[in-house]
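Both counts, for ligands and for their atoms, begin at 1 and track the order of listing. Counting from 1, the numbers follow the sequence of the chain as shown. Hydrogens, waters and symmetry mates play no part in the numbers below; they use all other heavy atoms, side chains included.
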Amino acid sequence: MSTGKFIVIEGMEGAGKSSAITVIENILIEQGIDYVNTREPGGTPLAEALRDMVKSVDHQEKLTVETELLLMYASRSQLLANKILPTLAAGKWVIGDRHDLSSRAYQGGGRGFDEATMNTIREITLKGFCPDITIYLDIDPHIGLSRAQARGDLDRIELEKMDFFMRVHDKYRELAAQDTTIITVDAAQPMLKVHQDIATTVSEFIAKATVD
Ligand code: TMP
């Protein structure tokens with residue numbers, strides 16, 4: 001039995017990740033491909049508890065940027081070992097709502113952790129594991145944040161200032177430009193066009209993956 005593939009959807013607040021995931025799910029269903037969804041941080045019981053810690057605005061003390069970084073990778077370690085790897089080994093595909101690129105953009109770009117630190121913690125946690133394809137939904141942070149604000153309550157990270165999101169955005173774009181497994185989709189286009197671009201990317205990926 002061949003191993004499954006790991007498709008990740010990435011992007012900033014308000015980029016439209018949720019509806020993009022539905023587009024991907026529909027294509028996998030049409031193609032008869034069994035899949036499992038994950039989200040990060042989170043995706044296992046322990047990792048979901050870490051997600052709550054990371055997102056909560058109710059802490060009695062300030063969550064340091066170092067704790068935030070370590071919680072993201074602690075959550076990813078749990079998810080990788082207990083869900084992603086066993087699922088792929090069983091021949092199922094995984095659709096990830098965020099993965100390591102988020103840490104590189106938010107903690108690396110946004111919080112300013114340097115490349116060497118990020119690479120060390122990635123290597124400890126992931127040991128070279130990476131998605132087969134990442135679809136990055138690119139959105140101007142001003143537009144994305146206003147969409148997220150319109151949706152309601154903001155979490156701890158969404159309450160950051162605009163210059164934080166500008167750094168995250170710059171880092172996303174920089175990393176996407178360096179890696180051929182990251183496909184950038186312009187999320188500012190009309191929704192139908194965004195979804196068509198995602199569908200084309202995923203269909204081409206499946207066609208290639210099922211021949212290889
Ligand atoms: P979301 O999945 O609902 O978008 O919320 C996750 C939040 O956590 C979002 O603000 C992005 C942030 N985040 C990081 O800062 N680093 C990470 O590694 C991940 C996975 C998410």
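- Using bins of under 30°, 30° to 60° and over 60° for the plane-to-plane angle, the ring pair Y172/Y136 lands in the parallel bin.
- Ion pair E68/R156 flagged as a salt bridge, since at least one NZ, NE, NH1 or NH2 atom sits closer than 4.0 Å to an Asp/Glu carboxylate oxygen.
- In this structure a side-chain-to-backbone donor-acceptor pair under 3.5 Å is missing from R98 to I9.
- Checking only distances, E158 never comes within under 3.5 Å of ligand 1, N or O to N or O.
- With hydrogens left out, the protein atom closest to atom 8 (O) of ligand 1 is I157 CD1, 3.7 Å, a heavy atom.
- The protein heavy-atom contact nearest to atom 16 (N) of ligand 1 is Q107 OE1, 2.8 Å.
- No donor-acceptor pair closer than 3.5 Å links the side chain of Q107 to the backbone N or O of R104.
- Under a 3.5 Å cut-off, the side chain of T181 and the backbone N or O of I133 do not form any donor-acceptor pair.
- In this structure, the protein non-hydrogen atom closest to atom 14 (C) of ligand 1 is M72 CE, 3.2 Å.
- In terms of polar-atom proximity, defined here as any N/O pair under 3.5 Å, D155 makes no such contact with ligand 1.
- For atom 21 (C) of ligand 1, the closest heavy atom belonging to the protein is P41 CD, 3.6 Å.
- For H142 and F165, the ring centers sit 6.0 Å or farther from each other.
- At the shortest separation from atom 18 (O) of ligand 1 among protein heavy atoms lies S103 OG, 2.5 Å.
- The cationic group of R76 lies under 6.0 Å from the six-membered ring centre of Y73 and within 45° of the ring axis, placing it in a cation-pi geometry.
- Under the 3.5 Å distance criterion, the side-chain polar atoms of K83 are left unmatched by any main-chain donor or acceptor of L80.
- Under the 4.0 angstrom criterion for non-hydrogen atoms, E68 is not in contact with ligand 1.
- In terms of N/O distances under 3.5 Å, ligand 1 is approached by E13.
- Heavy-atom proximity to K17, at under 4.0 Å, picks out these atoms of ligand 1: 2 (O), 4 (O).
- When each atom of ligand 1 is checked for a heavy atom of E40 under 4.0 Å away, the hits are 2 (O), 20 (C).
- Nearest to atom 2 (O) of ligand 1 among the protein's heavy atoms is R98 NE, 3.4 Å.
- Not a single heavy atom of R104 sits closer than 4.0 Å to an atom of ligand 1.
- The protein heavy atom nearest to atom 1 (P) of ligand 1 is K55 NZ, 3.6 Å.
- A donor-acceptor pair is defined here as one N or O able to donate and one able to accept, closer than 3.5 Å; no such pair exists between the side chain of S203 and the backbone of T200.
- Checking side-chain atoms of R122 against main-chain N and O of D100 turns up no donor-acceptor pair under 3.5 Å.
- When hydrogens are left out, the protein atom nearest atom 19 (C) of ligand 1 is S102 CB, 3.5 Å; that is the closest non-hydrogen contact.
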